[in-house]
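Protein chains get the first letters and strands the later ones, always in sequence-line order, with residue 1 at the start of each. These numbers come from the heavy atoms of this one structure, side chains and all, not from hydrogens, waters or symmetry mates.
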Amino acid sequence: MTEETALERERRAKIARWRSEGKEPYPWSFPGRVPTDVVRSAAAGLTPGESDPARSFRVAGRLRSLRRHGQVAFLDLDDAAGSLQLLLRADLLGDEAYRGWLADLDSGDIVGADGVASVTRRGEPSLEARSLTLLAKAIAPPPEKFHGLQDVEERIRRPYLDLLTSAESRERLRVRSLLVREVRRYFEAAGFLEVETPVLVPVAGGAAAAPFVTRSNYLGADLRLRIATELPLKKLLVGGAEKVFELGKSFRNEDLDSTHSPEFTELEAYWAYADYTEMRGFFEGLLAHLAGRAAELLPDSPARTKAAEAFRPPSRTVDFVDELERASGIPGLLDKSREELREIARRVGSTVPDSSPRGTFLEKLFEHFVEPTIDRLTFVVDHPEATTPLAKRHRSKPGRVERFEAFVPGYELANAYTELNDPDDQARRFEEQARGTGGDRYAYDADFVRALRYGLPPCTGIGFGVDRLVMALTGAESIKDVILFPIARTRTE
RNA sequence: GGGCCCGUAGCUCAGCUCGGUAGAGCAGGCGGCUCUUAACCGCAAGGUCAGGGGUUCGAAUCCCCUCGGGCCCGCCA
């Protein structure tokens, strides 16, 4: 385990000194404190060098830095509202108390302060301290005060240290929370009911991805972590629900990269008696609303500009097949056999297994020829049936399904269908998927097909990655930038 | 899975090309300073140079392996 450094020994000695004076280094509470911005605004009217004994305040937060100048000292205190300078004067606190404070306090300590609003001679709004209270002694020193935590590995493994020193990281945390709240409100305002379906499932269906497998002692059986919420949510529509959504984690046992995380936050919504055209209108409304909110929330920056560019109307719409044929210069793709498609895919560098289902090769070609050309919000519509086992056959385009995917530059944002609700067709599509001996397959969920036999109303559904949505809205480069605790290898110490 | 790059004090970084036994700043210790805000000045302290092996009289430096991380490619509705 970690050996104690000389620095930490020094700080423990300060705790011991503190206790020997009968004081508690980790007290239980600190009632009556106000956020630091309250003091800042109270001090705003004062002239430099002035303090106002009539306006006394109690604040609490973390000491970021201490500047000692003999008989006077300046301490920077951070709380969630911002930062406030504490002014310590030996002539006000008494020489012994003053020296004691400076001897026992370190940057990183959580402290409380009582004092009065003041402005220093140099014009900094401050709290002129009358007394200080140690609220939690920090034994480990905080990261470097100016550069912060630069080591990428440490930032991932110990996000709290990154938050401690990086205002930018704290800002991302706040913006993500506010945007997710807006998403919830938008669905609720449209009459959607938020529900929770199981994370632990016997069959992980609704998508083609490797699940995490775990074990139930009670059941004496293996369970999987869900890879999507599609199937249980549709079962709720069979049960009579008409508008539901779930916002929660899904898990896919795949690699981590700038747009994929094994554990990610997903929103899926299902809407009875509506089709994918109506869903698209609803979703575009959501995006327009969120882009507006993001513009308000984010400080002006290249990232904000990048995000705004992607969502600047009008959005583009392209037909999956037409666009693929145009971009690749290969006509008649829909009529080509699995073998022909496989050959074309291999020619452009795809290495998916030869035995993959036909739809996989079409998707590879799309990724290769069309995705790199996407430079703003783009809706790709009406995919070949072979790519999509859970979507309803297109009402007028043969061989297609009613589906749209929303893309921003670099990644897919959302995926929506008019949902397949014919139980016999569903069973057949699952079987077609299963016939591919390699590649990815949708797990056959027998209970889902059974549910459809009782009648799923015509409906539309959408799924999108919340992490990716936040990335797109904030212009983040990596999914790790919007996830507080990204997955990391367990380190053996 | 393939390629490239990185790992030096608690933190931020030099030193590696061209081998000679470890440097700075911040933080911490001691001393000084009544207006600083990356405060400043002086003194002292702080290291398994990610880990292991090899080459060499001698390795932070060169070679190999392992661990951890990053980026790109592949794979991943």
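Counting non-hydrogen atoms under 4.0 angstrom, A:G123 reaches nothing in the nucleic acid.
Here A:R157 reaches the OP1 or OP2 of B:G69: one of its side-chain N or O atoms lies under 4.0 Å away. Taking 4.0 angstrom as the limit, A:K364 places a side-chain polar atom (N or O) nearer than this to OP1 or OP2 of B:C76. For A:K480, a side-chain nitrogen or oxygen approaches OP1 or OP2 of B:G70 to under 4.0 Å.
For A:R403 and A:A103, each mapped to the nucleotide of RNA chain B holding its nearest heavy atom, the one lying further toward the 5' end belongs to A:A103. Of the residues near RNA chain B, A:V152 and A:L7, the one whose nearest nucleotide (by heavy atom distance) lies more toward the 5' end is A:L7.
Side-chain proximity of A:A207 to B:G28, B:A77, B:G69: nearest is B:A77. The nucleotide whose nearest atom lies closest to any side-chain atom of A:Q71 is, among B:G70, B:G28, B:U34, B:U34. Which of B:U37, B:U12, B:C35 sits closest to the side chain of A:F74 comes down to B:C35. Closest to the A:E10 side chain, of the nucleotides B:G28, B:C11, B:U37, is B:G28. Distances from the side chain of A:E144 to the nucleotides B:C76, B:U12, B:A77 place B:U12 closest. Considering only the side chain of A:E363, B:A77 comes nearest among B:A77, B:A27, B:C13.
Across all strands shown, B:U21 forms no Watson-Crick or G-U wobble pair with both distances under 3.5 Å. Nucleotide B:G29 forms a pair with B:C43, judged by Watson-Crick or G-U wobble geometry with both contacts under 3.5 Å. Summarising the base pairing, B:G1 is matched to B:C73 through a Watson-Crick or G-U wobble pair whose two defining distances lie under 3.5 Å. Taking a pair to require two hydrogen-bonding distances under 3.5 Å in either a Watson-Crick or a G-U wobble arrangement, B:C62 pairs with B:G54.
With both ends at atom C1', the span from B:C49 to B:A22 equals 8 Å, rounded to whole Å. For the C1' atoms, the distance from B:G69 to B:C62 is 24 Å, rounded to whole Å.
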For this session: I would like to know whether A:D79 and A:T36 meet side-chain hydrogen bond (donor to acceptor under 3.5 Å, both in side chains); could you show each step before the answer?
Result: CA-CA 7 Å; A:D79 70 1; A:T36 52; 2.7 Å; yes
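At whole-Å resolution of the value, CD in A:E371 and C1' in B:C73 are 16 Å apart. Atom P of nucleotide B:U37 and atom CZ of A:R68 are separated by 16 Å, given to the nearest angstrom. Taking atom CG on A:D151 and atom C1' on B:G69, their separation rounds to 8 Å, with Å as the unit. What separates CG of A:D255 from P of B:C73 is a distance of 14 Å, to the nearest Å. Between the P atom of B:C11 and the CZ atom of A:R11 lies a distance of 13 Å, rounded to the nearest Å. One can place CD of A:E128 at 15 Å from P of B:C35, the figure rounded to the nearest angstrom. Atom CD in A:Q150 sits about 19 Å away from atom P in B:G69, given to the nearest Å.
Screening A:L86, A:V111, A:D114 for a side-chain contact (heavy atoms from CB on, under 4.5 Å) involving A:V59 leaves a single residue, A:L86. Under the ring pair (Phe, Tyr, Trp, His ring centres under 6.0 Å) test applied with A:F245, the options A:F464, A:F283, A:Y270, A:F187 reduce to a single match, A:F187.
Aromatic ring centres of A:Y411 and A:H260 lie farther apart than the 6.0 Å criterion allows. Ring-centre distance between A:Y276 and A:Y417: not below the 6.0 Å cut-off. Between A:F407 and A:F379, the distance separating the two ring centers is not shorter than 6.0 angstrom.
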